Amino acid sequence: MKEILNLTGYEYRKIFKKRSTWIALAVVLLWTLFSGFSRAFGEFYIDGEKVDTHFHMAKQERAALEHLEIGALNDEFFQKMKGAQAEFYQGEDGFCLNEPPEGGWAAYWKRYYEANAPFENVSVLLAMMENRLGSLPREEINGTNFYAFRERMMDALFEAEKLSEGEIAFHKKENEKITTPYAYGNMTGYQNFFKMQTPNFIFIAFAVAIVLAPMFAGEHDSHMDALALSSRFGKNKLIWAKFLAGLSFAFFASVGFTLLFLLEIQAIYGLSGWNLPIQVCASGFLLNLPMNMLEFLLVSIGCCVLGILMAATVVMFLSVKMKSAFGVIILRFVFILAPVYLAQLAGNHHGLFLLVCSLPTSMFYPRGIAAHQLLSVGGHYFYFFQWVPVVYLCLAGILLCWSYRGFRDYQVR
């Protein structure tokens, strides 16, 4: 084991001596910093007059949600919401005045946003519901029919996705486990994380592909493969050290950048609403999964890291089979982007949809890991995040063994 660790350290030194490694990591770092702070940059204007900054609005919304008088989506909450909107909305199109109000737009916006900041997210949920149902009597929404309308929305969604009777029954039982009225509070930090989760991990996947592509292909390309294989540990421990270096690099990179992003989210939006049901944010509103924000966050991060590790395994497998690192990178880029388009084409084919959404890149989508399409085994149903890790574990073992034999026997052939 000591020899493998020493050789792993040697592989890490080789990795960080490459300029491409530092460029790839720098790009991911810049993107992570940008994605965390981008929504807080800039200024908000009405009719050419600056009325607020996005950073101040984010802090104001956070403060409003963390100090709510009513912490549940019940009758009292919706009554208060309607009262606040009735006071400031004018005309059929909402926030609309023909000329600047007395005191200017800035003063008017300050009063408006102070009153409506706690309800902005609920308006998004109602818009999502209206989009699915076609029409929604918003003036009649209360703490009772809100959940009835949502159930109608979910039924329409299940029908559109052509779910089986067993899948629909499963989701209805899952929905019964969610406590109503929904607890409500500061979900903006989690919502922003879920919104940026997909592009963040796609950037990390690209970086991992660039860094690990030369792991074996670089030996072929530089004609060092014969020397490496003829060394003392070339046909056994060196290969496992390469695997350990590649997988650990993928793990630490994905976890490290994720923690950095979470620190940014915490600094701006906060993560105080960890015990809220995921249904109160846009990313979880269309799910019947009985989880709170923190649980779904951990599941999402776990699936993303697992997807990165699986992607790293595939990259190293291709690196063994191909003579050029450039070819590995191009092929891996295709694998990263393909599920984005294939998932749309496979939506009406249950088996194909399960296959496409089990690809590593699909694990980066919050709604993808808890998609309504389920795997049925012996009358039991499983979400993607429940059965895909088992498949990945088996597949990774097969690919690593295959890669090991492929590089070990290369000199013989």
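Please read these numbers as outputs of a predicted model, since none were measured by experiment.
- In the displayed structure, His54 atom NE2 is contacted under 6.0 Å by more than 12 heavy atoms of other residues, nucleotides or ligands.
- Without hydrogens or angle criteria, Asp75 side chain to Gly143 main chain gives a donor-acceptor distance under 3.5 Å.
- Other residues, nucleotides and ligands contribute over 12 non-hydrogen atoms within 6.0 Å of the CZ atom of Phe158.
- Between Thr313 and Tyr392, every side-chain heavy-atom pair lies at or beyond the 4.5 Å cut-off.
- Counting heavy atoms from C-beta outward, Leu286 and Gln279 have side chains that stay 4.5 Å or more apart.
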After noting the C-alpha distance and the side-chain angles of Tyr383 and Phe170, does the key distance pass the ring pair (Phe, Tyr, Trp, His ring centres under 6.0 Å) rule?
CA-CA 11 Å; Tyr383 289 103; Phe170 174 85; 5.6 Å; yes
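- A ring-centre distance under 6.0 Å is not found for Phe203 and Phe257.
- Of the possible donor and acceptor atoms, none in the side chain of Asn200 sits under 3.5 Å from a partner among the backbone N and O of Gln197.
- The distance from the CZ atom of Arg367 to the OG atom of Ser300 is 12.5 Å, given to the nearest 0.5 Å.
- Under the 4.5 Å side-chain criterion, counting only non-hydrogen atoms from C-beta, Leu276 is not in contact with Asn292.
- Here Leu260 contributes atom CG and Ser35 contributes atom OG; the two are 8.5 Å apart, rounded to the nearest 0.5 Å.
- Between Cys303 and Phe364 the shortest side-chain heavy-atom distance does not fall below 4.5 Å.
- The side-chain heavy atoms of His380 and Phe382, taken from C-beta on, include a pair separated by under 4.5 Å.
- Looking only at distances, a side-chain donor or acceptor of Asn74 sits under 3.5 Å from a matching main-chain atom of Phe77.
- Counted by atom type alone, Thr188 and Glu61 present zero donor-acceptor pairs between their side chains at under 3.5 Å.
- The shortest side-chain heavy-atom distance between Met215 and Ile15 falls under the 4.5 Å cut-off.
- The aromatic rings of Trp22 and Phe16 lie tilted to each other, with the angle between the two planes from 30° to 60°.
- Side-chain contact, Ser248 with Tyr12: a donor N or O sits under 3.5 Å from an acceptor N or O.
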Evaluate Phe194 against Phe296 for ring pair (Phe, Tyr, Trp, His ring centres under 6.0 Å), listing each step before the verdict.
CA-CA 10 Å; Phe194 296 139; Phe296 192 60; 5.2 Å; yes
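- Ile301 CD1 to Leu262 CG: the interatomic distance, rounded to the nearest 0.5 Å, is 5.0 Å.
- Not counting sequence neighbours, the partners of Leu125 by the side chain to side chain contact (heavy atoms under 4.5 Å, CB included) test are Asn121, Met128, Phe285.
- Remark: Lys110 NZ is loosely packed, at most 12 non-hydrogen atoms of other residues, nucleotides or ligands lying under 6.0 Å away.
- The distance between the ring centers of Tyr269 and Phe193 does not fall below 6.0 angstrom.
- Under a 4.0 Å N-O distance rule, the pair Lys177/Glu174 qualifies as a salt bridge.
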Before giving the answer on side chain to side chain donor-acceptor pair (under 3.5 Å), spell out for Gln191 and Ser283 the whole-Å C-alpha distance, their side-chain angles and the decisive distance to 0.1 Å.
CA-CA 7 Å; Gln191 174 60 23; Ser283 297; 3.2 Å; yes
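- Inter-residue side-chain proximity for Arg150 and Tyr182 is flagged as met; some heavy-atom pair is nearer than 4.5 Å.
- Here the CH2 atom belonging to Trp274 is positioned 12.5 Å from the CG atom belonging to Leu271, to the nearest 0.5 angstrom.
- In this structure a side-chain-to-backbone donor-acceptor pair under 3.5 Å is missing from His56 to Asp52.
- Using a 30° and 60° split on the angle between ring planes, His171 and His372 fall in the perpendicular class, above 60°.
- The local environment of CD in Glu43 is crowded, with over 12 non-hydrogen atoms from other residues, nucleotides or ligands closer than 6.0 Å.
- Applying the 6.0 Å contact sphere to NZ of Lys173 captures no more than 12 heavy atoms from other residues, nucleotides or ligands.
- Nearest heavy-atom pair across Glu66 and Ser272 is OE2-OG, 3.0 Å.
- Taking 4.0 Å as the cut-off between side-chain N and carboxylate O, Lys172 and Glu176 do not count as a salt-bridged pair.
- Note that CG of Leu297 is 9.5 Å distant from OG1 of Thr258, once rounded to the nearest 0.5 Å.
- You'll find the side chain of Pro277 stays beyond 4.5 Å of the side chain of Met291, heavy atoms only.
- Residues Glu69 and Lys80 are paired through a salt bridge, judged by an N-O separation under 4.0 Å between the basic side chain and the carboxylate.
- Summarising the geometry, atom OG1 belonging to Thr180 is positioned 10.5 Å from atom CD belonging to Glu151; distances are rounded to the nearest 0.5 Å.
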